[in-house]
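Just below is one structure, and these are the notes that go with it.
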Amino acid sequence: MPVGTVGSVKAMSPDELRDDVKAQIILGNTYHLYLRPGHKVIEKAGGLQKFTNWNKPMLTDSGGFQVMSLSGLRKITRDGVRFQSHLDGSYHMFTPERVMEIQNSIGADIIMSFDECPPYPASKEYIAKSLDVTLEWAERGLEAHKRPNEQALFGIVQGGVHTDLRQKSAEALMKLDFPGYSIGGLAVGEKKEDMYRITSFLNNILPTEKPRYLMGVGTPANLLENIRNGIDMFDCVMPTRNARKGSVFTRNGKLIIKSARYIEDFTPMDPECDCYACRNFSKAYIRHLIKMKEILGMRLATIHSLHFYLELMGMARQAIFDDKYEQFAKDMVPVLESIVDH
RNA sequence: GGAGAGGUUCCCGAGUGGUCAAAGGGAACAGACUGUAAAUCUGUCGGCGGACGCCUUCGUAGGUUCAAAUCCUACCCUCUCCA
């Protein structure tokens, strides 16, 4: 799922997302959209899809991640989180009920419980306490949800890198019978082996008939490793953010397109790729655009990276259907983790 | 022709006797980025060698001094104003 925090996948138009990237669903963020333009505005517009002219599924994150990333600007209590807006410093209170109300207004197809995403590292005691609060919030959110038939509310499994806490979290959420389960609090700085260990562990606990969504992950290699561990959905800013800043992902590894080594490389970023950028433009040109901070450079790089991510997921699906996933992942991961050097 | 200002490391621009290989910014180069406070941030940025040091550098050529990018002399070149 490409990330469109404030109602736009940065540098992309809905047409590009649909036709070039082939995105099926994109994200928005409750905290950001609540601040600007305001969820009531979006509700008046007829919901986020209508407002943004994106006629495919959408998911909103609850703002739980902002509890962590805006750590200097918020205070957590059992009742909720008091935020100071990063835009103007004004104070705002987020409770599970309030977050549900906002997400009901925004109107995405899939919405998230309000949670606390603990930072890494954090003590096990802290994570355990945080987890209890997050579980309580999940129940309160479920209770407050006004449109359960139109919007699927996912519970978020927390618990850091501790299997016992993860188990407790997952089992408590499963009792509440959510239509899908998110896994939060990973890819926040822990070793990737710890991340894989946790997803692998949860693979044996979470129900197979419900979607599992690993929040905020990750690199192409992360995706393949976690698909092996039963993950069905991902979102990450990495393909879009990194592309804007001059590095894109390809089937041959990470390509730092802004590098001087491509000044006179007039071949496509990936000759096998059939995205709009690779079909029409050279490395040298895209490098030039990025170095000049031209908007087109960000667009082309973003189109390619997102296209690649979505294509990689298609390949993974096919490999699963063909019952060849293990070999597929084994072959792909080392290449995906490399940096293209020519 | 007259009066004035100035030439600093790729560029802009501080520095007016030692603490100066020379502030700061830009460019360049390398890299980071994982539920987006991100078109952001970090590092390197005269040469050679481990550190430490040595060598070369502040328009050019001389000079003063223990010591000069900084002071003196001449020259070259830019810019502004006046005629």
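Each chain gets a letter, A, B and so on, in the order its sequence line appears, and its residues count up from 1. FYI, side chains are in, hydrogens and waters are out, and symmetry mates aren't considered; it's all heavy atoms of this structure. Note that the structure is predicted; figures quoted are calculated from it, not measured.
Considering only residues two or more places apart in sequence or on other chains, A:Asp270 meets the side chain to side chain donor-acceptor pair (under 3.5 Å) condition with A:Arg251. Listed by chain and number, the residues in a ring-ring contact (aromatic ring centres under 6.0 Å, His included) with A:Tyr325 are A:Phe328 (sequence neighbours excluded). Partners of A:Phe51 according to the ring-ring contact (aromatic ring centres under 6.0 Å, His included) rule, which considers only residues two or more places apart in sequence or in another chain, do not exist here. Checked against side chain to side chain donor-acceptor pair (under 3.5 Å), A:His288 has no partners two or more places apart in sequence or in another chain. Not counting sequence neighbours, the partners of A:His39 by the ring-ring contact (aromatic ring centres under 6.0 Å, His included) test are A:Tyr34.
The distance between atom CD1 of A:Ile295 and atom P of B:A39, rounded to the nearest whole Å, is 12 Å. The separation between A:Met68 atom CE and B:A37 atom P is 9 Å, rounded to whole Å.
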| message | Working note: A:Gln49 + A:Asp109, criterion side-chain hydrogen bond (donor to acceptor under 3.5 Å, both in side chains); need CA distance, chi angles, decisive distance, verdict. | response | CA-CA 10 Å; A:Gln49 273 109 327; A:Asp109 306 277; 2.6 Å; yes
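If you take atom C1' in B:C72 and the same atom in B:A27, they sit 38 Å apart, rounded to whole Å. The separation of B:C55 from B:A68, taken at their P atoms, amounts to 13 Å, rounded to a whole angstrom. Nucleotides B:G26 and B:U44 place their P atoms 15 Å apart, quoted to the nearest Å. Taking atom P on both B:A61 and B:U8, the two are 16 Å apart, rounded to the nearest angstrom. Look at the C1' atom in both B:U57 and B:A38: the space between them is 39 Å, to the nearest Å. Between the C1' atoms of B:U9 and B:A22, the separation comes to 8 Å (whole Å).
Salt bridge annotation for A:Asp132-A:Lys168: present, with a cationic side-chain nitrogen under 4.0 angstrom from a carboxylate oxygen. A salt bridge links A:Asp177 with A:Lys210: the distance from a Lys NZ or Arg NE/NH1/NH2 to an Asp or Glu carboxylate oxygen falls below 4.0 Å.
Nucleotide B:A30 has B:U42 as its partner under the Watson-Crick or G-U criteria, with both atom distances under 3.5 Å. When both distances must be under 3.5 Å, the Watson-Crick or G-U wobble mate of B:C75 is B:G59. With both pairing distances under 3.5 Å, B:G18 is matched to B:C66 as a Watson-Crick or G-U wobble pair.
Between A:Gln66 and B:G35 there is no side-chain N or O to OP1 or OP2 distance below 4.0 Å. Residue A:Ser69 has a polar side-chain atom (N or O) positioned under 4.0 Å from OP1 or OP2 of B:A37. Listed pair A:Arg241 / B:U40 fails the phosphate criterion, with no side-chain N or O lying under 4.0 Å from OP1 or OP2.
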Counting only pairs under 3.5 Å, give me each side-chain donor-acceptor contact of residues 292-299 of chain A, with atom names and distances, residues two or more places apart or in other chains.
residue	atom	partner	partner atom	Å
A:Arg299	NE	A:Glu16	OE2	3.0
A:Arg299	NH2	A:Glu16	OE2	2.5

Grab the N/O contacts between the protein and nucleotides 42-45 of chain B below 3.5 Å, and write none if there aren't any.
none

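Cluster note: A:Phe321 groups with no other residue, as no ILVMFWY side-chain heavy atom lies under 4.5 Å from it. In this structure, A:Val237 belongs to a hydrophobic cluster whose other members, linked by side-chain heavy atoms under 4.5 Å apart, are A:Met1, A:Val3, A:Ile25, A:Leu27, A:Leu59, A:Ile110, A:Met112, A:Phe154, A:Ile156, A:Tyr213, A:Met215, A:Met233.
Sorted by first and then second residue, the pairs that involve residues 153-164 of chain A and meet side-chain hydrogen bond (donor to acceptor under 3.5 Å, both in side chains), not counting sequence neighbours, are A:Asp115-A:Gln158, A:Lys124-A:Asp164.
With B:U34, B:A37, B:C33 as the choices, the nucleotide that has an atom nearest any side-chain atom of A:Leu70 turns out to be B:A37.
The stretch residues 183-207 of chain A touches RNA chain B through A:Gly185, A:Ala187, each having a heavy atom within less than 4.0 Å of the strand.
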| remark: Given protein heavy atoms under 4.0 Å, the one-letter contact record of nucleotides 26-32 of chain B, with B base, S sugar-phosphate only and - none, is simply --SSSBB
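Look at B:A37: its glycosidic torsion is within 90° of 0, and that puts it in the syn range.
On a pure distance criterion of 3.5 Å, a polar donor-acceptor pair joins the side chain of A:Asp115 and the base of B:G35.
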